[in-house]
Amino acid sequence: MNRALCIALALATAACGVVSAPDAGGAGADAAADAPADAPTPDTGPACTLGLWDPEARTIDQWPDPRFSSEDPSSPTGVRLRVDAARFAATLAQARGFSSLLTDLAELDGFGVNAQAFFRFGRALDPARLPSAEATRGPVGGVGFVVLSPGAPRLEGALLSTTDDDHTLLLAPLRPLPAGARVAAYVTRRLAPAAGGCLEPSAAQARALADPAGAASPAVRALVALGAIEDARGLVALSEYATQTTTDDSRAVAADIARRDFTVRARRPCADDPMGRFRACELEFVAGNYLDARRHLVARAPGAPAAPASNYTLRVTAWLPRAGAGAAPYRTIVFGHGLGGDRGQAARLAAFAAPQGIATVALDAVMHGEHPLNPNPRATTLVTVLGFFALDPSAAQALDARALRDHFRQSSYDKLQLVRLLQAGVDADGDGAVDLDAARLAYLGVSLGGIMGPEPLALTDAFGAAVLVVPGGRVSAIISESATFGPLITAVRPPGTTPGDVARTFPLLQTLLERGDAASYAPHVLRDRLAPGGARAAPSVLVGVVLDDDTVPNVSNYTLARALGVGVVPPLLRPAPGLATTAAPPLAGNFAEGRATGGLLQFDVIGGASPGEAQRATHSNVGASDVGAEAWLHFLRAHWDRGLAEIADPYAALGRAHAGP
């Protein structure tokens, strides 16, 4: 992933401003359109801070919003999202080419599992007095999520932030909420100190809570039983909703792929690396495309099998060790490249791996390189990024969030089909012998490739170990939480919209992206496996992050780590909300009853150009750095040589010091 992502996602989200449009017509609408974009909300309200939710309003002052949900017995959750086009006509008009962020909700059977919830208030909250993420996991935190079903009700924590000059409270789930479940986001009077000592529900919310039926709702009963409130009068804001199913489609596709056979259709002569480190061999095979002409996943009835909409030919590069560096079939790494790049980026990994007898295999992600869905393989990086993010600012619908989501999913399906090809036995160099050992497969993804790792890892047992370098979860957070993207958001924000409008758009975008988001699949990597056929072999997983990552921010790194369930392997360079610290390295066997290893390493410096020199670790340089390569390959070699991956301290191994406080 690179800085072109900044432009792409800024266009995708900042141009929306869909959640605070005024009522259509009248002087109010004209005044709002002409108002300075950053004008603060005047603090002229009552002494007590009041919620703003009103079901009769034409603005969206709460998310999830029950007005966007209706009963549907044919849906797996019994719910279908919708938008009332008449009620929200002004909002849709203001959204212009981004109105599909609202209209595409109708495809979904519930709200988000990683997406933020938000509540708007008439006066500002004090961010410094909001509870920590850890505090929200207990009943005295005063804010968070409650899972109502399935299972016994339980509290889930939230990462809290504010927008709209602190008038809007955003709640990001600390860990993914269960899919296809009933949950609620809530705020209680315990948050009053952050509101100046007095915090009250809106008039509409107060009426709903005072109604005997409302006070007897499952959410109220659960919060009382869990000690978060004494009765309904303790609540200030409450949004009870269904979460969408997230993995059903991909599980059906994975089952379909597992039934199919794949063979090499063509190969080209291998080329020798000028430095003598490897041989690069080009292959082709026919694979299934599960997307329709709009690049949306083909719809299927709940429980129905999946099938490709068409076939296409995928090109694969295999980097094989040179003679004397091991015997075929070689231990093999499937590589996932970064945003705007292509499979050729794997050559940098092969330069480290091939001399150690390890082969590397890669293909292009959707809309990248020579992928058959990419209309312009020679496009600039920016054009490639815009294509992947399904952005065309000149089109009537400038953003197609469903296509963006399904680019992630089809890229995962391509990798699953590549795995099936490898399992059939691949002779990459045409000498009649199998070169790639499908019984000793590992996955290594960098940036976008790391983000794309959890879905195939959850859906196949073929990978015994995986390394995810500078990955992230809750894709919308990659821009919303990154300081690097701030100036560009300001630059592309349309007149009449505010930073708060932008911030309140991200939960809608994330709701649409959930079924392709890494954090939706991460809970199924080390536990609760999704692989078809009944196998349950969890892969070992190493996550590598750099402090103050300017492209995939640490909040997104740690969102994925919490979803995976891994902790930080010492030394702890900086605390990470919601992540525990593991035992000291070397660490092995801390998952799957001792059969798998999982953990996260923090990087702050890497080796420089001269011996003994150090430079700051960044998103772009850590993957192929000295300490990075030491960490990744030690982890994988231990998996292959000893049968159990091990996380060691790469700085100690190389005698390199950390930067210090």
Side-chain angles (χ1 to χ4, degrees), residues 51 53 55 62-71 75-79 81 109-119 130-160 169-192 199-202 204-246 507 511 514 523 528 562-563 578:
W53 178 73
Q62 167 184 303
W63 189 263
D65 189 321
R67 295 175 297 173
F68 286 83
S69 178
S70 60
E71 293 184 3
S75 159
T77 63
V79 165
L81 300 193
D109 58 4
F111 293 94
V113 297
N114 301 291
Q116 292 170 306
F118 66 74
F119 299 103
L130 294 174
S132 68
E134 287 298 325
T136 65
R137 299 174 70 179
V140 299
V143 58
F145 298 91
V146 56
V147 176
L148 305 173
S149 65
R154 66 183 188 276
L155 297 178
E156 292 286 350
L159 288 168
L160 305 180
L169 178 66
L170 295 133
L171 295 70
L174 194 59
R175 293 177 177 81
L177 300 170
R182 295 294 306 186
V183 304
Y186 70 94
V187 178
T188 78
R189 295 179 191 274
R190 294 181 190 270
L191 219 61
L199 183 61
E200 292 289 331
S202 67
Q205 183 73 80
R207 287 194 298 271
L209 293 171
D211 178 61
S217 77
V220 173
R221 292 199 306 270
L223 290 169
V224 170
L226 293 167
I229 55 175
E230 291 186 5
D231 54 40
R233 292 172 295 180
L235 285 166
V236 171
L238 182 69
S239 175
E240 187 174 339
Y241 56 97
T243 59
Q244 62 186 271
T245 56
T246 53
T511 300
E514 296 285 36
D528 191 22
R562 288 192 299 269

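Sequential numbering from 1 along the given sequence is applied to the chain's residues.
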**Q** Taking only residues two or more places apart in sequence or in another chain, which ones pass side chain to side chain contact (heavy atoms under 4.5 Å, CB included) with A219?
**A** L148, A184, S217, L238, E240
**Q** What pair of heavy atoms forms the shortest contact from L199 to A192, and how long is it?
**A**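 Smallest heavy-atom distance, with atoms named: CB-CA, 4.0 Å.
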**Q** What is the minimum heavy-atom distance between A185 and A117, and which atoms define it?
**A**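 Closest approach of A185 to A117: CB-CB, 3.9 Å.
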**Q** Under the ring pair (Phe, Tyr, Trp, His ring centres under 6.0 Å) test, which residues partner F145, sequence neighbours left out?
**A**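 Ring pair (Phe, Tyr, Trp, His ring centres under 6.0 Å) check on F145 returns nothing, list empty.
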**Q** I229 vs V224, test: side-chain contact (heavy atoms from CB on, under 4.5 Å). Steps then yes/no.
**A** CA-CA 5 Å; I229 55 175; V224 170; 3.8 Å; yes
**Q** Indicate the atoms forming the closest heavy-atom contact of L171 with A158, along with that distance.
**A** CB-CB, 4.1 Å
**Q** Once side-chain hydrogen bond (donor to acceptor under 3.5 Å, both in side chains) is applied, what residue pairs with a partner in residues 219-234 remain, sequence neighbours excluded?
**A** D231-R233
**Q** Apply side chain to side chain contact (heavy atoms under 4.5 Å, CB included) to S132 and list each qualifying residue two or more places apart in sequence or on a separate chain.
**A** E134, A135
**Q** Who passes salt bridge (Lys or Arg N to Asp or Glu O under 4.0 Å) against R189, sequence neighbours left out?
**A**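 Partners of R189 by the salt bridge (Lys or Arg N to Asp or Glu O under 4.0 Å) criterion, ordered by chain and then number, come out as E200.
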**Q** Can any side-chain N or O of T136 pair as donor or acceptor with the backbone N or O of G144 at less than 3.5 Å?
**A** no
**Q** Of the non-hydrogen atoms in G180 and T77, which two are nearest, and what is the gap between them?
**A** CA-CG2, 3.9 Å
**Q** At their closest point, which heavy atom of P153 faces which heavy atom of L226, and how far apart are they?
**A**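 Shortest heavy-atom contact: O-CD2, 3.9 Å.
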**Q** Can you tell if the side chain of L191 reaches within under 4.5 Å of the side chain of L169, non-hydrogen atoms only?
**A** yes
**Q** Mind checking what makes salt bridge (Lys or Arg N to Asp or Glu O under 4.0 Å) contact with D211, not counting sequence neighbours?
**A** none
**Q** In Å and rounded to the nearest 0.5 Å, what is the CG to CG distance from L170 to L160?
**A** 9.0 Å
**Q** I want to check something: taking the side chain as every heavy atom from C-beta on, are L235 and T188 in contact at a cut-off of under 4.5 Å?
**A**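 Yes - at least one pair of side-chain heavy atoms lies under 4.5 Å apart.
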**Q** Please check if the side chain of R175 supplies one atom and the backbone of P523 the other of a donor-acceptor pair under 3.5 Å.
**A** no
**Q** Quick check: closest heavy atoms across L155 and G138, and the distance to 0.1 Å?
**A**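 For L155 and G138, the tightest heavy-atom pair comes out as CD1-C, 3.7 Å.
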**Q** Between T243 (side chain) and P178 (backbone), is there a donor-acceptor pair under 3.5 Å?
**A**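 Here the side-chain-to-backbone pair exists.
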**Q** Check whether any side-chain heavy atom of P507 sits under 4.5 Å from a side-chain heavy atom of F118, and report yes or no.
**A**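 Counting from C-beta outward, P507 and F118 do come under 4.5 Å.
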**Q** Just do the side-chain contact (heavy atoms from CB on, under 4.5 Å) check on Q205 and V187 with the steps written out, would you?
**A** CA-CA 12 Å; Q205 183 73 80; V187 178; over 6 Å; no
**Q** Might you work through the side-chain contact (heavy atoms from CB on, under 4.5 Å) test for T511 and W63, ending with a clear yes or no?
**A** CA-CA 10 Å; T511 300; W63 189 263; 3.5 Å; yes
**Q** Can any side-chain N or O of T246 pair as donor or acceptor with the backbone N or O of E514 at less than 3.5 Å?
**A**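 Between the backbone of E514 and the side chain of T246 there is no qualifying donor-acceptor contact (under 3.5 Å).
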**Q** Once rounded to the nearest 0.5 Å, what's the spacing between atom CH2 of W53 and atom OG of S239?
**A**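 Those atoms lie 9.0 Å apart.
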**Q** Taking Q62 for the side chain and P64 for the main chain, is one N or O donor matched with an acceptor at less than 3.5 Å?
**A** yes
**Q** Walk me through whether E156 and L174 qualify under side-chain contact (heavy atoms from CB on, under 4.5 Å).
**A** CA-CA 7 Å; E156 292 286 350; L174 194 59; 5.9 Å; no
